[in-house]
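Here's the structure we're looking at; comments come further down.
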Number of protein chains: 2
Amino acid sequence: MTAKASSENARDIPEATVARLPVYLRALVTLSDAGTGTCSSEELAAAAGVNSAKLRKDLSYLGSYGTRGVGYDVDYLRYQIAREIGVTQDWPVVIVGIGNLGHALANYSGFRSRGFRVVALLDADPERHQEVVAGVDVRPFDDLEQIVSEQGVAIGVIATPAVAAQDVADRMVAAGISSILNFAPTVLVVPDGVDVRKVDLSIELQILAYHEQRKSQFGAQGVTA
Amino acid sequence: MTAKASSENARDIPEATVARLPVYLRALVTLSDAGTGTCSSEELAAAAGVNSAKLRKDLSYLGSYGTRGVGYDVDYLRYQIAREIGVTQDWPVVIVGIGNLGHALANYSGFRSRGFRVVALLDADPERHQEVVAGVDVRPFDDLEQIVSEQGVAIGVIATPAVAAQDVADRMVAAGISSILNFAPTVLVVPDGVDVRKVDLSIELQILAYHEQRKSQFGAQGVTA
DNA sequence: GCCAGTTTGTTCTCACGTTCACAAACTTTT
DNA sequence: AAAAGTTTGTGAACGTGAGAACAAACTGGC
């Protein structure tokens with residue numbers, strides 16, 4: 001903790017905005033594919049499922065890419081957001097844990113088409129090392145370090161059982177990975193400088209259950225997210 | 001939009017707190033399994049990966065379940081949180097779309113053990129109707145209405161391709177489902193009173209990519225979530 | 001060239017969420 | 001029984017996010 005390291009940089013995009021940029025990007029891709037050349041903040045906001053004031057404010061953090069009285073050029077804005085997120089070039093990704101979920105992730109076409117390339121599938125179980133999933137063959141977990149350094153991997157995905165997740169994370173960090181997407185239902189402890197995002201299926205259901213329970217208690221009351 | 005329907009109820013738990021309750025619950029289950037009878041807010045906070053002041057404030061919305069100078073009774077607090085979330089009894093759930101991801105979800109043991117029961121797997125493709133996944137057989141999507149009404153299903157999971165998701169959601173809502181967990185990369189439009197939560201794999205990766213890109217630009221600076 | 005219409009970018013205000021700090025309430029020791 | 005030590009529950013300060021509202025900047029018609 002050297003000092004207040006922040007705020008030297010002009011562009012400080014709020015976290016809430018960063019989380020929405022990929023949604024806008026997807027909406028823009030859809031519009032572009034439909035042949036739309038220009039769109040207003042109102043249209044794009046509708047496509048992204050947010051309110052237009054919020055959309056305009058979010059976009060204003062990136063710069064002034066719209067034209068007053070006209071709207072946004074779809075392809076131009078699409079490129080600017082992709083550049084800001086950093087998905088104009090591909091990110092190599094390793095997936096560890098090739099169970100049911102790992103299979104699904106390896107086969108998910110949305111990764112490839114959105115700036116990510118699965119360069120390796122790793123599993124500790126030797127029985128799986130013969131398998132080929134989505135055109136990539138499953139390799140021993142011990143190959144991690146080699147793959148990470150050779151391919152310059154910065155992002156790792158953990159799809160192992162909960163008990164193994166922390167060990168996998170430790171090895172990933174030691175190997176040089178600095179961003180982890182964790183599907184295992186565990187809290188990961190990582191050093192400063194390493195980002196972790198978690199996706200927890202049962203937590204999402206539990207949140208729904210909470211609201212569902214309340215709906216049935218009193219008059220219906222939705223929290224349409 | 002009839003009126004400001006809120007605030008008639010005493011217990012109004014903030015959304016941010018609701019999202020963390022399942023995390024606390026999981027930590028408590030782990031502690032309980034390890035034989036721990038009592039824990040302080042500091043310990044539980046560490047296990048849940050949050051700061052202890054936040055934990056205490058979150059718990060205070062539920063009531064006063066701790067003892068000053070002592071801490072929390074693990075099993076008692078566990079029950080109270082489970083009751084508040086509504087997972088003391090099982091919720092029947094239907095999963096629509098039995099592709100790779102649907103398979104993974106159907107096999108996910110974390111649902112069953114955390115208050116959810118997969119009562120049906122539905123898919124529009126007749127080729128899949130012979131399959132049995134995780135002990136449940138795959139049935140035609142058209143059986144939705146019957147299953148929902150017979151089993152009293154309130155929660156639906158969408159694991160279809162993006163193009164089908166909105167149609168599935170519409171059918172679910174019409175059949176009486178009022179909470180949807182959406183894995184398809186689309187913005188769903190639903191009536192008031194229906195909750196939607198979305199899990200988007202590629203968006204999570206894109207958020208990581210954004211931070212990763214900034215790390216390599218300047219001095220390392222983590223946003224350890 | 002001016003005026004009416006449109007749409008962005010931004011300011012202001014309010015609500016929500018986080019963290020600190022401490023009094024209240026309990027246990028243990030003397 | 002009083003004092004010293006713990007730990008919760010909460011009030012108050014601070015920071016972040018959301019939405020309304022409007023000025024600034026553009027287009028197109030006359």
Side-chain angles (χ1 to χ4, degrees), chain A residues 1 4-7 10-21 23-24 27-28 31 36-74 76-77 80-81 84 207 223-225, chain B residues 1 4-7 10-21 23-24 27-28 31 36-74 76-77 80-81 84 207 223-225:
Chain A
M1 238 61 74
K4 48 161 50 189
S6 61
S7 80
R11 304 268 200 68
D12 210 21
I13 301 182
E15 195 53 37
T17 297
V18 171
R20 282 188 293 267
L21 290 180
V23 180
Y24 302 153
L28 285 166
L31 286 174
T36 312
T38 307
C39 69
S40 68
S41 63
E42 207 76 46
E43 292 172 83
L44 183 53
V50 301
N51 123 351
S52 68
K54 182 150 57 177
L55 173 86
R56 288 198 300 277
K57 187 169 232 185
D58 284 341
L59 293 184
S60 76
Y61 291 115
L62 312 190
S64 250
Y65 295 138
T67 309
R68 297 177 193 217
V70 178
Y72 301 92
D73 181 292
V74 171
Y76 180 61
L77 182 59
Q80 293 299 340
I81 293 181
E84 190 70 43
I207 295 170
V223 186
T224 314
Chain B
M1 240 67 67
K4 48 162 54 191
S6 60
S7 80
R11 303 270 199 72
D12 209 21
I13 301 182
E15 194 52 37
T17 297
V18 171
R20 281 187 295 265
L21 290 179
V23 180
Y24 303 153
L28 286 166
L31 286 173
T36 311
T38 307
C39 70
S40 67
S41 65
E42 206 76 46
E43 293 171 83
L44 184 53
V50 302
N51 120 356
S52 67
K54 181 150 54 179
L55 173 85
R56 286 200 301 276
K57 181 149 259 190
D58 283 341
L59 294 184
S60 77
Y61 291 113
L62 311 190
S64 250
Y65 295 138
T67 310
R68 298 175 192 220
V70 179
Y72 301 93
D73 182 290
V74 171
Y76 180 60
L77 183 58
Q80 292 299 339
I81 293 181
E84 189 71 43
I207 295 170
V223 186
T224 315

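Chain A is the first sequence line, chain B the second, and so forth, proteins listed ahead of strands; every chain is numbered from 1.
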Round to the nearest Å and state the distance from [X] atom [atom1] to [N] atom [atom2].
{"X": "B:Ile13", "N": "C:dC16", "atom1": "CD1", "atom2": "P", "result": "15 Å"}
{"X": "A:Leu55", "N": "C:dT8", "atom1": "CG", "atom2": "C1'", "result": "11 Å"}
{"X": "A:Asp12", "N": "D:dG15", "atom1": "CG", "atom2": "C1'", "result": "13 Å"}
{"X": "A:Leu62", "N": "C:dG9", "atom1": "CG", "atom2": "P", "result": "10 Å"}
{"X": "B:Glu42", "N": "D:dG5", "atom1": "CD", "atom2": "P", "result": "19 Å"}
{"X": "A:Leu59", "N": "C:dT7", "atom1": "CG", "atom2": "P", "result": "16 Å"}
{"X": "B:Lys54", "N": "D:dA13", "atom1": "NZ", "atom2": "P", "result": "21 Å"}
{"X": "A:Glu43", "N": "C:dT7", "atom1": "CD", "atom2": "P", "result": "8 Å"}

- Query: Looking only at side-chain N and O atoms, does A:Tyr72 come under 4.0 Å of OP1 or OP2 in C:dG9?
  - Reply: yes
- Side-chain N or O of B:Ser64 less than 4.0 angstrom from OP1 or OP2 on D:dG9? yes
Residue [X], side-chain atoms from C-beta onward, closest of [options]:
{"X": "B:Asn51", "options": "C:dT19, D:dG19, D:dG9", "value": "C:dT19"}
{"X": "B:Ser41", "options": "D:dG17, C:dC26, D:dT8", "value": "D:dT8"}
{"X": "A:Ser40", "options": "C:dT8, D:dA20, D:dA18", "value": "C:dT8"}
{"X": "B:Arg68", "options": "D:dC26, C:dA25, D:dA18", "value": "C:dA25"}

- Toward the 5' end of DNA chain D, by each residue's nearest nucleotide, A:Asp58 or A:Val70: A:Asp58
Sub-4.5 Å side-chain heavy-atom contact between [X] and [Y]:
{"X": "B:Leu59", "Y": "B:Tyr72", "answer": "yes"}
{"X": "B:Ile13", "Y": "B:Glu84", "answer": "yes"}
{"X": "B:Leu21", "Y": "B:Leu62", "answer": "yes"}

- For B:Tyr24 and B:Leu44, the nearest pair of non-hydrogen atoms, with its separation, is O-CD1, 4.3 Å
- Task: Please evaluate the base of C:dG9 for a donor-acceptor partner in the side chain of A:Arg56 within a cut-off of under 3.5 Å?
- Result: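 Present.
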- Task: Check if the side chain of A:Lys57 and the base of D:dG19 share a donor-acceptor pair of N or O atoms closer than 3.5 Å.
- Result: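 Side chain to base: pair present.
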- Enter the distance from A:Ser41:OG to A:Asp58:CG here, rounded to the nearest 0.5 Å.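 Reported value, rounded in 0.5 Å steps: 11.5 Å.
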